[in-house]
Amino acid sequence: MKRKFKKNLLSNNINMKEMNCNQIENNILFFIDKELSQRDIEAFNAHINHCDHCKLLVGNVSEAYLSKNKIVEFTEDPYFFTRLKQKLENKNTKTPYFVKRILQPASLVSLLLLGIFTGVFIGNQYISISSVTEESSNSQLKKYAEENYLSEMNNDNFELLLTSNQ
Amino acid sequence: MTESELVEGVLQKKEAAYKELVLKYQKQVINTCYSLLGNYEDAQDIAQDVFIEVYESIDKFRKESKLSTWIYRIAVNKSLNYIKVINRRKWVKSIESFFGKENNETQKISAHQSDMPNNNLISEERKNILQNALNKLPENQKIAFTLNKYEELSYQQIAEIMQTSLSAVESLIHRAKTNLQKYLINYYN
Ligand SMILES: [Zn+2]
């Protein structure tokens, strides 16, 4: 239930038959909302009837004041609930804040570190592997050389044998 | 379903109950948001956020108040938060335009308005004048006035939503009207 606010009403002024321009300005919205007493409405109208300035002002102000209506312009949106459901589902499947702001960067950093360490590790491994292969290839070379040397020696011996036979 | 059955159903995350609740309060919520925001698309978006909050925090609903009062309160809070975000954005934009960045939005709006028929343009203009005046009101006056004028809620209901006294609501609405009157007269004088 609407209650009327009395402070603004001018009913106390018993002798007032007509409002002045100032009083009109102070009471326009209360006049439009029908919150003035019968006596005030009469005093309001009495002024409006002959003051063109106030008449125009009351017309303009009331048109603006009443321009926004309740509901009227809204037709029920049949897809409101469907969209709402979609929004809720999207929200629930979204990554939560903690994961998004803390876990994701943390896992990125750890991946990066892991990458660096793996790189360093692989690098070290390569060095040791290559040194191993170097060693082994050296020993193979040695072996090969020895074999060849020996065979060469053998050849020498063979040659010697040949020459000695000459 | 009764109100407590609805609440119970939503608490148990039952879709049928939630759907019924949304259908029941959808109009009320969109209208409240629209009254406070003055833009239908924004009102629709914020109304969706309101119902998401209802779904997620129905366990916080205390049964001593009416469900509609609780939902109104969420709608008012969400709208006010949105207004704050918009104002912050406007402030950033005004700074940007001060430093010479183009304001495409105003161009878009004026282009859109020139497409409208003349009558619509006039009523749109009146609505803008009123909305600008409403936006100048202090927050509490705006809420009380809007809920009373456009939602046609009683002072008692508004007092419950705003968690204040009946006389405070009376005073807020009275001051809101006096201020609105002043803004509108200034505009036309
Ligand atoms: Zn006058």
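The chains referred to below are lettered A, B, ... by the order of the sequence lines, with proteins before strands, and numbering in each begins at 1.
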task = Name the region of B/Leu134, side chain, backbone, both or neither, that has any atom closer than 4.5 Å to a heavy atom of chain A.
result = side chain

Option among B/Glu124, B/Glu125, B/Arg126 that satisfies the side-chain contact (heavy atoms from CB on, under 4.5 Å) test with A/Ser67 = B/Arg126

query = Going by residue number, which parts of residues 54-65 of chain A are within reach of chain B, meaning a heavy-atom gap below 4.5 Å?
reply = A/Leu57, A/Asn60, A/Val61, A/Glu63, A/Ala64, A/Tyr65

query = Where does B/Ala133 contact chain A at under 4.5 Å (heavy atoms): side chain, backbone, both or neither?
reply = neither

note = In terms of heavy-atom contacts, B/Glu56 and A/Leu88 come closest through OE2-CD2, 4.4 Å

request  = Heavy atoms only, distances under 4.5 angstrom: which of B/Tyr187, B/Phe51, B/Tyr188, B/Tyr18 has the most pairs with chain A? Name it, please.
outcome  = B/Tyr188

ask   = Can you tell me how far the CG atom of A/Leu66 sits from the NZ atom of B/Lys127, to the nearest 0.5 Å?
value = 12.5 Å

key: Close side-chain approach of A/Phe81 to B/Glu15, heavy-atom, < 4.5 Å   = yes

request  = Test side chain to side chain contact (heavy atoms under 4.5 Å, CB included) on B/Leu23 and A/Phe80 and set out the steps.
outcome  = CA-CA 9 Å; B/Leu23 287 177; A/Phe80 186 83; over 6 Å; no

key: Side chains of B/Tyr55 and A/Lys85 in contact at under 4.5 Å (non-hydrogen atoms)   = no

request  = Kindly write out the residues that satisfy ring pair (Phe, Tyr, Trp, His ring centres under 6.0 Å) with A/His53, not counting sequence neighbours, or none if the list is empty.
outcome  = none

task = Name the region of B/Gln131, side chain, backbone, both or neither, that has any atom closer than 4.5 Å to a heavy atom of chain A.
result = side chain

query = Are any of the side-chain heavy atoms of A/Lys87 and B/Asp49 separated by less than 4.5 Å?
reply = yes

request  = May I have the step-by-step check of side chain to side chain contact (heavy atoms under 4.5 Å, CB included) for B/Gln26 and A/Leu84, ending in yes or no?
outcome  = CA-CA 11 Å; B/Gln26 170 182 337; A/Leu84 176 63; over 6 Å; no

note = So CD of B/Gln181 and CG of A/Leu29: to nearest 0.5 Å the spacing works out to 4.5 Å

